Amino acid sequence: MSVIDPRILRDEPERLRESQRRRGGNPDSVDRLAMLDKLRREQQQKYDDLRSSQKSLSKEIGPLQGRVKKGDASAQVELDALMAQATTLSDDVKAAEAVVNTTAEALAAAWLEIDNLVDLDAPVGGEDDFVVLEHTGTPRDFAAEGFEPRDHLELGEMLAAIDTERGAKVSGSRFFFLTGDGALLELALLNLAMQQAVGNGFTPMIPPVLVAPSAMEGTGFLGQAAENVYRLPEDDLYLVGTSEVPLAAYHSDEILDASTLPRRYVGWSSCFRREAGSHGRDTRGIIRVHQFDKVEMFVYTTPEDAVAEHARILQWERDFLDALEIPYRVIDVATGDLGSSAARKFDIEAWIPTQGCYREVTSTSNTTEFQARRLATRMRSADGATRPVATLNGTLVAMPRVIVSILENHQQADGSVRIPAALQPFLGGRSHLLPR
RNA sequence: GGAGGGAUGGCCGAGCGGCCGAAGGCGACGGUCUUGAAAACCGUUGAGGCGGUAUCCCCGUCUCCGUGGGUUCAAAUCCCACUCCCUCCGCCA
């Protein structure tokens with residue numbers, strides 16, 4: 001099982017090394033991989049040859065035994081000789097098999113440590129080396145409007161929409177309740193998002209959020225991101241951090257007819273994140289929480305169409321934020337911050353007035369063939385050939401952060417919050433959320 | 001949780017330990033016939049690794065009959081464990 005096309009490893013290993021370098025990783029792992037790949041092929045060849053002679057030898061034994069049964073003495077001598085030979089050969093085959101298996105396992109493990117090939121158009125560098133592609137909308141000038149904006153938690157409490165105190169009491173820090181209008185707001189966002197996605201040809205999905213290790217590993221979340229994944233050791237299951245996981249595994253071990261591509265799914269699920277290593281960051285409010293709901297787009301398409309589809313997904317994400325009238329910017333994430341599975345990633349960051357900065361609200365990744373290869377999801381083209389598909393994912397709504405954006409950007413001096421027109425039909429036609 | 005049954009190719013479904021990558025049927029594809037279609041008939045029809053003057057075609061070889069072990073010269077076929085599915089009983093959102 002290779003994670004990228006093994007021909008790239010054999011014919012153009014420098015491409016792989018360069019990709020690892022751009023990610024800030026170690027290019028030496030490529031050389032070790034190439035060594036194991038070559039070794040495995042040699043050992044496999046030896047095994048195949050031995051096995052082949054064993055099979056042909058075995059085929060002679062049956063008829064000989066028949067002759068022996070009929071009392072053919074010369075056959076008995078022949079048989080004894082063959083048996084002796086076959087026994088030795090059998091041992092050799094077993095030994096050769098063990099050798100190949102060991103190498104094959106090491107090879108598979110080595111492949112799992114290789115990240116996806118980066119898109120050469122992605123900006124090179126670390127977390128801060130992203131490129132801003134565009135700004136949309138204008139942040140409000142609260143000073144000009146004559147009042148100090150309240151942050152989302154203060155607003156949420158005034159509206160009786162967010163309760164973090166009781167969230168902490170019941171479950172611990174970084175947990176919260178959405179109450180009253182807060183809960184209704186989430187449902188309205190869900191319905192607006194689903195309406196848009198279905199209109200764009202997506203099939204709605206409500207997936208399992210507990211998944212088997214193979215699904216987690218196949219999507220690449222057990223690599224560097226493993227520390228942020230909740231695991232249930234008693235049952236050997238993982239709690240997903242995004243419905244990308246079950247949606248990507250949905251067609252694992254399948255061959256999809258090319259004529260059915262692209263297949264577009266939109267999943268609604270709870271998402272669970274341990275937030276290990278983020279102690280002290282975003283401790284106030286619901287920007288960074290352990291459990292939240294998200295509507296996620298997931299697409300299976302041809303490798304040739306992946307880049308164009310990525311642009312479409314980004315546009316759909318923008319359409320949604322446009323409908324909510326939230327100012328945002330689009331960034332092209334740098335190679336060092338892509339995660340192991342993305343070849344390229346665009347984030348949309350919404351303006352958060354009380355923080356005076358843009359914060360990530362959506363993210364769309366082109367994972368090319370990376371996940372499809374790990375999950376064995378292939379396509380059959382019109383000419384009958386089978387090859388891996390490309391997969392892409394993108395956020396439509398991450399509930400807490402969008403709720404934060406709406407509350408802070410559309411707040412009024414009296415603590416009420418204007419409901420954007422697109423959302424009003426899903427909130428009983430109301431124009432504002434009012435303090436209680 | 002208790003009792004029983006099952007897992008084979010796109011689907012259904014056979015398979016005395018060697019001649020089985022696997023009968024047969026369905027479906028799909030190609031062809032014959034037809035003005036065209038249907039019917040009938042003929043043929044083709046799983047995935048993957050490696051090698052072969054080889055990205056296509058073709059040839060050779062190996063692997064795969066839920067998963068992992070074992071027995072054997074030889075395993076879809078025998079043994080063990082596990083997983084999943086189905087039926088019945090109990091419990092329950």
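Quantities reported herein were computed from a predicted structural model and do not represent experimental measurements. Below, read A as the first sequence line, B as the second, and so on, with proteins coming before strands; counting in each chain starts at 1.
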Q: Please list, for nucleotides 63-66 of chain B, all pairs of protein and nucleotide N/O atoms separated by less than 3.5 Å.
A:
residue: rU63(B); atom: OP1; partner: R51(A); partner atom: NE; Å: 2.3
residue: rU63(B); atom: OP1; partner: R51(A); partner atom: NH2; Å: 3.1
residue: rU63(B); atom: OP2; partner: K55(A); partner atom: NZ; Å: 2.9

Q: Between the protein and nucleotides 53-60 of chain B, list every N/O to N/O distance that falls short of 3.5 Å.
A:
residue: rU55(B); atom: O2'; partner: R7(A); partner atom: NH1; Å: 3.4

Q: Identify, between D49(A) and T386(A), the residue whose nearest nucleotide on RNA chain B lies closer to the 5' end.
A: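 Nearest nucleotide further toward 5': that of T386(A).
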Q: Specify the separation, in whole Å, of atom CG of L256(A) and atom P of rA47(B).
A: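 Rounded to whole Å, this separation is 14 Å.
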Q: Is the phosphate of rU61(B), meaning OP1 or OP2, less than 4.0 Å from a side-chain N or O of S52(A)?
A: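 So the side-chain polar atoms of S52(A) never come under 4.0 Å of the phosphate oxygens OP1 or OP2 of rU61(B).
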Q: State which residues pass side chain to side chain donor-acceptor pair (under 3.5 Å) with N228(A); sequence neighbours excluded, sorted by chain then number.
A: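 Listed in chain order: nothing, the list is empty.
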Q: With sequence neighbours excluded, what pairs up with R32(A) under the side chain to side chain donor-acceptor pair (under 3.5 Å) test?
A: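 Counting only residues at least two positions away or on another chain, R32(A) forms no side chain to side chain donor-acceptor pair (under 3.5 Å).
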Q: Output the rounded distance in Å from CD (E60(A)) to P (rC19(B)).
A: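 These atoms are roughly 14 Å apart.
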Q: Would you tabulate the side-chain donor-acceptor contacts of residues 203-212 of chain A under 3.5 Å, counting partners in other chains and residues two or more places apart, or write 'none'?
A:
none

Q: Can you give the donor-acceptor pairs under 3.5 Å from side chains of residues 157-167 of chain A to other protein atoms, not counting sequence neighbours?
A:
residue: D163(A); atom: OD1; partner: E165(A); partner atom: N; Å: 3.3
residue: D163(A); atom: OD1; partner: R166(A); partner atom: N; Å: 2.9
residue: D163(A); atom: OD2; partner: R166(A); partner atom: NH1; Å: 2.7

Q: Could you tell me whether W316(A) atom CH2 has more than 12 heavy atoms of other residues or ligands within 6.0 Å of it?
A: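 Counting neighbours around CH2 of W316(A), more than 12 heavy atoms of other residues, nucleotides or ligands fall under 6.0 Å, so yes.
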Q: Quantified in whole Å, what is the P atom distance between nucleotide rA76(B) and nucleotide rU63(B)?
A: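 Going atom to atom, P in each nucleotide, I get 9 Å.
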Q: For the P atoms, the ones on rA23(B) and on rA40(B), what distance do you get once it is rounded to whole angstrom?
A: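 Per the computed distance, 22 Å lies between those P atoms.
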Q: Might you work through the ring pair (Phe, Tyr, Trp, His ring centres under 6.0 Å) test for F298(A) and Y300(A), ending with a clear yes or no?
A: CA-CA 7 Å; F298(A) 192 89; Y300(A) 296 80; 5.2 Å; yes
Q: Between rG43(B) and rU61(B), how far apart are the two P atoms, rounded to whole Å?
A: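 Roughly 25 Å separates the two P atoms.
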Q: Could you pull out all residues at least two apart from A323(A) that satisfy side chain to side chain contact (heavy atoms under 4.5 Å, CB included)?
A: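 Result, side chain to side chain contact (heavy atoms under 4.5 Å, CB included) vs A323(A): A422(A).
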Q: In whole Å, what separates the C1' atom of rC29(B) from that of rC89(B)?
A: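 Per the computed distance, 49 Å lies between those C1' atoms.
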Q: Applying side chain to side chain donor-acceptor pair (under 3.5 Å), name anything that partners R23(A), two or more places apart in sequence or on another chain.
A: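 Scan of R23(A) (side chain to side chain donor-acceptor pair (under 3.5 Å), adjacent residues dropped) gives none.
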Q: What contact category does R387(A) fall into here, base, sugar-phosphate, or nothing, at under 4.0 angstrom with non-hydrogen atoms?
A: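 Counting heavy atoms under 4.0 Å across all strands, no contact is made by R387(A).
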Q: Only pairs under 3.5 Å count here: list side-chain donor-acceptor contacts from residues 237-248 of chain A, not counting sequence neighbours, and write none if there are none.
A:
residue: T242(A); atom: OG1; partner: E244(A); partner atom: N; Å: 3.0
residue: T242(A); atom: OG1; partner: K294(A); partner atom: NZ; Å: 2.8
residue: E244(A); atom: OE2; partner: Q371(A); partner atom: NE2; Å: 2.8

Q: Tell me, what's RNA chain B's dot-bracket, Watson-Crick or G-U with both distances under 3.5 Å, | for other-strand, [ ] crossing?
A: ((((((((.[[[..)..(.....]]]((((((.......))))))(((((((.....))))))).[[[[[..)....]]]]])))))))....
Q: Starting from P on rG68(B), measure out to CD on E97(A) and report it in whole angstrom.
A: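 Rounding to the nearest Å, CD of E97(A) and P of rG68(B) are 11 Å apart.
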Q: What integer number of Å spans the P atoms of rG24(B) and rC41(B)?
A: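 My reading of the P atoms in rG24(B) and rC41(B) gives 15 Å.
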Q: Could you give the CG-to-C1' distance, from N101(A) to rG69(B), as a whole number of Å?
A: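 Between C1' of rG69(B) and CG of N101(A): 12 Å.
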Q: Can you list the residues that meet the ring-ring contact (aromatic ring centres under 6.0 Å, His included) rule with Y250(A), with sequence neighbours excluded?
A: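 So Y250(A) forms a ring-ring contact (aromatic ring centres under 6.0 Å, His included) with Y265(A).
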Q: For K94(A) and rC73(B), give me the distance from atom NZ to atom P, rounded to whole Å.
A: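 The answer, rounded to whole Å, is 8 Å.
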Q: Determine which pairs satisfy salt bridge (Lys or Arg N to Asp or Glu O under 4.0 Å) with at least one residue from residues 94-122 of chain A, sequence neighbours left out, and list them in order.
A: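 Found none.
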Q: Could you tell me how far apart L82(A) (CG) and rU72(B) (C1') are, to the nearest whole angstrom?
A: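 About 16 Å, once rounded to whole Å.
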Q: Please state how far atom CD in Q85(A) lies from atom C1' in rA74(B), giving the value in whole angstrom units.
A: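 Taking CD of Q85(A) and C1' of rA74(B), I get 15 Å after rounding.
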Q: For R40(A) and for M83(A), find the nucleotide of RNA chain B with the closest heavy atom, then tell me which residue's nucleotide is more 5'.
A: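 In this pair, the answer is R40(A).
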Q: Nearest to the side chain of I255(A), heavy atoms from C-beta on, is which of rC73(B), rA47(B), rG49(B)?
A: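 Comparing rC73(B), rA47(B), rG49(B) against the side chain of I255(A), the answer is rA47(B).
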Q: Do T368(A) and N366(A) have side-chain N/O donor and acceptor atoms under 3.5 Å apart?
A: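 There is no such pair between these side chains.
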Q: Is the phosphate of rG46(B), meaning OP1 or OP2, less than 4.0 Å from a side-chain N or O of R380(A)?
A: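 No.
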Q: Distance between the P atoms of rA74(B) and rG2(B), in whole angstroms?
A: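 Between the two P atoms, the distance is 38 Å.
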Q: Is the ring pair F175(A)/H290(A) parallel, tilted or perpendicular, if the boundaries are 30 and 60 degrees?
A: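 Ring orientation, 0 to 90° scale: tilted.
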Q: Does rA74(B) have its OP1 or OP2 closer than 4.0 Å to a side-chain nitrogen or oxygen of S90(A)?
A: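 Checking S90(A) against rA74(B): at least one side-chain N or O falls below 4.0 Å of OP1 or OP2.
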Q: Please give, in whole Å, the distance from rG10(B) P to M379(A) CE?
A: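 Answer to the nearest Å: 18 Å.
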Q: May I ask you to say what I61(A) touches in the nucleic acid, namely base, sugar-phosphate or nothing, with a heavy-atom cut-off under 4.0 Å?
A: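 Here I61(A) touches the bases of the nucleic acid.
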Q: Given the C1' atoms of rA54(B) and rC59(B), what is the spacing between them in whole Å?
A: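 So the two C1' atoms sit 10 Å from each other.
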Q: Considering only atom C1', compute the distance from rC91(B) to rA3(B) and round it to an integer number of Å.
A: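 My reading of the C1' atoms in rC91(B) and rA3(B) gives 16 Å.
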